[in-house]
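For reference, the structure is listed below as structure tokens.
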4 protein chains.
Amino acid sequence: MEKPEPTTDARVPFRAVAGGGDGPSRRRLPPQERSSQILDAALQEFAARGFAATRIDDIARRGGLSKGGVYAHFDSKEAIFQALLERALRWIDWDEMPQPGPSRAGTRALAEWIVDRLHAALLNPAAVVLLRLLVAERERVPRSIDQWRDRVTRMRAQRVAALIRERLGAQVGIDNLLLRHPWLALSPVMHVLLWQALFGPGSVPDSGFRAAHVELLCQLLGEGSAPAPV
Amino acid sequence: MEKPEPTTDARVPFRAVAGGGDGPSRRRLPPQERSSQILDAALQEFAARGFAATRIDDIARRGGLSKGGVYAHFDSKEAIFQALLERALRWIDWDEMPQPGPSRAGTRALAEWIVDRLHAALLNPAAVVLLRLLVAERERVPRSIDQWRDRVTRMRAQRVAALIRERLGAQVGIDNLLLRHPWLALSPVMHVLLWQALFGPGSVPDSGFRAAHVELLCQLLGEGSAPAPV
Amino acid sequence: MEKPEPTTDARVPFRAVAGGGDGPSRRRLPPQERSSQILDAALQEFAARGFAATRIDDIARRGGLSKGGVYAHFDSKEAIFQALLERALRWIDWDEMPQPGPSRAGTRALAEWIVDRLHAALLNPAAVVLLRLLVAERERVPRSIDQWRDRVTRMRAQRVAALIRERLGAQVGIDNLLLRHPWLALSPVMHVLLWQALFGPGSVPDSGFRAAHVELLCQLLGEGSAPAPV
Amino acid sequence: MEKPEPTTDARVPFRAVAGGGDGPSRRRLPPQERSSQILDAALQEFAARGFAATRIDDIARRGGLSKGGVYAHFDSKEAIFQALLERALRWIDWDEMPQPGPSRAGTRALAEWIVDRLHAALLNPAAVVLLRLLVAERERVPRSIDQWRDRVTRMRAQRVAALIRERLGAQVGIDNLLLRHPWLALSPVMHVLLWQALFGPGSVPDSGFRAAHVELLCQLLGEGSAPAPV
DNA sequence: TATGAATGAGGCTTCATTCAT
DNA sequence: AATGAATGAAGCCTCATTCAT
């Protein structure tokens with residue numbers, strides 16, 4: 001299977017580099033697997049140094065083969081980069097927000113569900129790395145940039161709005177702020193995403209940021225009561 | 001915007017002698033002025049291509065002098081980059097939020113004032129470029145990264161909280177969401193900042209994003225009435 | 001002379017593909033062999049122009065490969081230079097004066113043997129080149145300078161003194177000038193060595209310099225009779 | 001006066017660089033003096049690093065003026081170098097061996113006089129530096145190389161032979177080794193000169209090298225008695 | 001497919017020289 | 001004469017890519 005399970009946070013493709021295992025096999029592997037290994041390696045290298053400063057040799061060594069070997073699977077550095085972004089975007093899409101269960105009836109329950117979905121999709125190391133690469137190499141990958149905008153951001157914002165309308169339509173007016181500007185529902189996640197892109201995955205502006213996000217949504221959706229503790 | 005603007009776009013292709021034109025003078029300039037010109041040029045080049053892919057020669061030409069000439073002012077490409085970030089951070093700090101006038105009494109007036117200050121400071125081309133460089137070259141400039149966190153982000157969040165407490169203390173409870181998690185007040189700006197870093201300065205998730213931001217603050221501060229349309 | 005000779009003078013100007021000729025092969029070689037070829041080339045180039053004025057490109061071309069290829073074998077120009085000196089010093093040491101045969105019994109026979117050993121070791125093109133490089137780049141290679149002093153000069157002077165003491169101990173007093181100042185036995189060779197370093201290998205202050213040196217030793221060792229003419 | 005006194009060992013042009021005085025004057029000087037200052041500076045810089053590695057800027061600063069200023073006095077780096085060598089050779093020639101006094105009658109007295117003259121002329125820092133430059137930059141200065149051979153070496157050897165013939169003609173046979181190969185009389189000096197060129201001025205192969213040299217000459221000139229102590 | 005030496009274009013940096021001041 | 005910023009030609013070194021093995 002090329003892709004990690006879509007529902008958890010463990011989608012991170014960073015396999016142990018010099019781990020306790022045996023590392024990437026040194027010898028002939030099925031092409032699919034080799035390519036995947038190379039992309040894994042490339043992700044880490046590009047993430048650490050950016051496109052221009054990453055050497056094919058670095059990728060090759062981390063992928064467990066030689067420079068020439070990489071060229072048996074990809075035509076150029078550029079091609080590796082593109083393939084990498086495509087795969088990463090596919091991973092994020094994988095998480096296309098499903099239907100919340102019927103138990104998510106109340107405002108708070110729905111808000112929590114939404115926040116959890118957003119965090120799972122966008123606040124994991126792979127997403128942070130992807131964002132960094134997109135920001136850094138914007139000119140190089142207009143296609144991926146567009147996909148990020150449409151499928152990662154806009155689609156999710158619309159989905160959130162649709163859910164609210166669908167589940168809480170009666171309670172919140174049609175002119176609710178979140179319905180008029182759904183992107184606001186994503187802002188705290190984007191804020192944290194940016195934070196992690198700058199200061200490293202794991203860093204957060206505030207340890208209670210998930211609860212804060214939930215509370216924000218609740219208040220904007222008209223639920224006046226104080227939140228349950230995190 | 002109260003920041004100096006990069007002087008010109010004129011990319012003198014190669015005039016043998018002194019150019020009487022409008023581009024940066026090809027002739028001897030006071031070091032201060034030359035350095036500034038070089039940094040202006042570097043800002044644009046680095047912003048367009050990133051650190052590694054930018055050639056000193058590009059910077060030089062755009063700055064109106066020759067490759068070698070740059071080295072009379074900076075020791076290395078790295079040094080240019082560092083100086084650039086320092087200057088850019090100084091510009092943003094320049095905008096340290098002042099005291100709002102006494103007319104900013106009501107919730108909405110204060111919210112508008114806050115949003116305007118944040119937008120002025122963070123949603124201008126220079127800030128967007130700075131952010132892109134910081135994200136792309138994180139490892140290279142840990143110092144600047146720290147400054148960005150402390151002085152651009154945290155300090156502003158605290159300032160917002162202090163203002164709210166000071167001006168609206170009676171009205172909003174001490175446990176108001178924005179007082180407990182001031183970074184939330186900045187999230188929409190950060191969202192737009194990230195948006196612009198990815199999709200280009202000028203692009204916004206929603207043309208009414210300023211009004212939306214104001215409204216968000218108002219609602220969180222307990223002002224129930226609907227806003228005037230943008 | 002029992003030292004390896006620089007392989008060839010062929011300065012392949014630029015054959016697009018593998019050259020079947022006689023120059024150093026343009027194609028993949030065992031690293032040992034390539035390195036050796038590069039050092040051969042470097043020796044000639046450095047000798048002709050000195051360290052600073054020699055271009056890596058010159059060395060590469062003379063070595064039959066491209067500029068970049070050199071860097072697969074040496075880390076830097078400096079490293080080539082160091083390796084070169086080390087190899088050259090090893091060559092000179094190679095010639096560590098062996099035991100003269102039993103036929104070298106008389107004063108003159110021993111003097112001739114000594115002079116021949118010294119000339120063979122120190123008055124060959126490789127030694128002259130080495131000396132020039134050491135003089136010119138003294139600061140750059142303190143290690144090699146020390147080796148030259150210890151192993152090329154001092155050790156040989158001591159060896160000469162030991163031989164004299166051993167073979168002619170009865171005849172020459174213990175206070176013989178050469179036993180008190182063995183370096184004097186090397187002076188004529190050093191003189192010629194310097195001469196060649198300045199005026200080119202092959203040039204000598206006097207065509208009968210070998211005979212003169214022998215005679216000098218004989219006289220200092222107390223052999224009164226005049227030598228046979230050259 | 002441009003040249004130091006010709007009879008002593010104090011001909012060394014190394015004036016204090018950052019000495020207790022005022023250093024080279026920063027402002028307008030008579031051209032002669034300025035040129036001389038520049039050559040002084042150049043001598044030290046070239047000696048330390050060789051021709052190619054010495055920057056005009058180094059010379060300028062040590063000479064107490066700016067880069068551009070140097071070009072007011074010399075056309076090029078090459079010209080400085082040539083002028084430098086010419087001046088240095090003139091200094092050595094200055095010492096053209098004069099007539100020894102009448103007190104120098106005996107073999108030993110004459111030998112001592114000869115050795116002292118040779119040492120004074122050739123074993124001083126300026127001569128060592130000159131030699132290093134000549135060895136290192138042989139190709140660059142064929143003219144100076146020739147002068148060194150003719151006027152520093154050959155002429156002195158002939159002068160020594162002439163003196164011996166003149167003063168000790170009766171005592172030593174016409175076929176004396178030193179008369180047939182006068183260069184041998186200079187060998188110990190050349191040896192030490194080379195030693196200093198390699199290991200630094202001041203270093204000697206043997207602290208009694210002057211006495212040893214005298215003794216060598218005495219023995220070759222047929223004086224059998226042991227020398228007086230140094 | 002895999003290896004890694006070899007290629008060669010390209011970028012950073014240095015520095016002799018020029019020239020406006 | 002002097003200054004020092006500016007020029008521009010090199011030179012060192014890197015690294016994407018090729019290719020013989």
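To find a chain, count down the sequence lines: A is the first, B the second, and so on, and within it residues start at 1.
Closest to the side chain of D:I56, out of F:dA1, E:dA16, F:dC12, is E:dA16. Here the nucleotide nearest the side chain of D:S76, chosen from F:dA6, E:dT17, F:dT18, is E:dT17. The B:S66 side chain lies nearest to F:dA6 when the options are F:dA6, E:dG10, E:dA16. Residue A:L65 has its side chain nearest to E:dT3 when only F:dA2, E:dT14, E:dT3 are considered. Nearest nucleotide to the side chain of B:R55, out of E:dG11, E:dT17, E:dT7: E:dG11. Closest to the D:K77 side chain, of the nucleotides F:dA16, E:dC12, E:dT17, is E:dT17. Of the candidates E:dA5, E:dA9, F:dA1, the closest approach to any side-chain atom of D:A72 belongs to F:dA1.
Using a 4.0 Å heavy-atom criterion, one finds that A:K67 contacts the bases of the nucleic acid, with or without backbone contacts as well. No contact: B:S35 has no heavy atom under 4.0 Å from any strand.
Across B:F46, B:F74, B:F81, a single residue satisfies side-chain contact (heavy atoms from CB on, under 4.5 Å) together with B:L39, and that is B:F74.
Nearest-nucleotide assignment on DNA chain F puts the 5′-proximal partner with B:V70, out of C:F51 and B:V70. Residue B:G68 is the one, among B:G68 and C:T54, whose nearest nucleotide of DNA chain F lies closer to the 5' end (criterion: closest heavy atom).
In this structure, CG of B:D58 is placed 13 Å from C1' of E:dC12, rounded to the nearest angstrom. In this entry the distance linking CD1 of D:I59 with C1' of E:dA16 reads 11 Å, nearest Å. The nearest whole Å value for the distance from the CD atom in B:E45 to the P atom in E:dC12 is 11 Å. Distance D:I38 CD1 to F:dA1 P: 11 Å, rounded to the nearest Å. As a whole-Å value, the separation of B:Q37 CD from F:dA6 C1' is 13 Å. Rounded to whole angstrom, the span from the CD atom of A:E78 across to the P atom of F:dC15 amounts to 17 Å. Across the protein-nucleic acid pair, A:Y71 atom OH and F:dC15 atom P stand 12 Å apart, rounded to whole Å. Between B:D57 atom CG and E:dG10 atom P the separation is 13 Å, expressed in whole Å.
We find that D:D57 and D:R61 are joined by a salt bridge, their nearest charged nitrogen and carboxylate oxygen being less than 4.0 Å apart. Ion pairing of A:K67 with A:D58 is absent here, as no side-chain N (NZ or NE/NH1/NH2) approaches a carboxylate O to less than 4.0 Å. Taking a cutoff of 4.0 Å between a charged side-chain nitrogen and a carboxylate oxygen, C:R49 and D:E139 do not qualify as a salt bridge.
Judged purely by atom type and a 3.5 angstrom limit, C:S144 has no side-chain atom pairing as donor or acceptor with the backbone of C:L85.
Across all strands shown, the partner of E:dA20 is F:dT3, judged by Watson-Crick or G-U wobble contacts whose two distances both fall under 3.5 Å. The nucleotide F:dG8 finds its pairing partner in E:dC15, both defining distances of the Watson-Crick or G-U wobble pair being shorter than 3.5 Å.
Shortest non-hydrogen contact noted between C:V135 and D:R132 is O-NH2, 2.9 Å.
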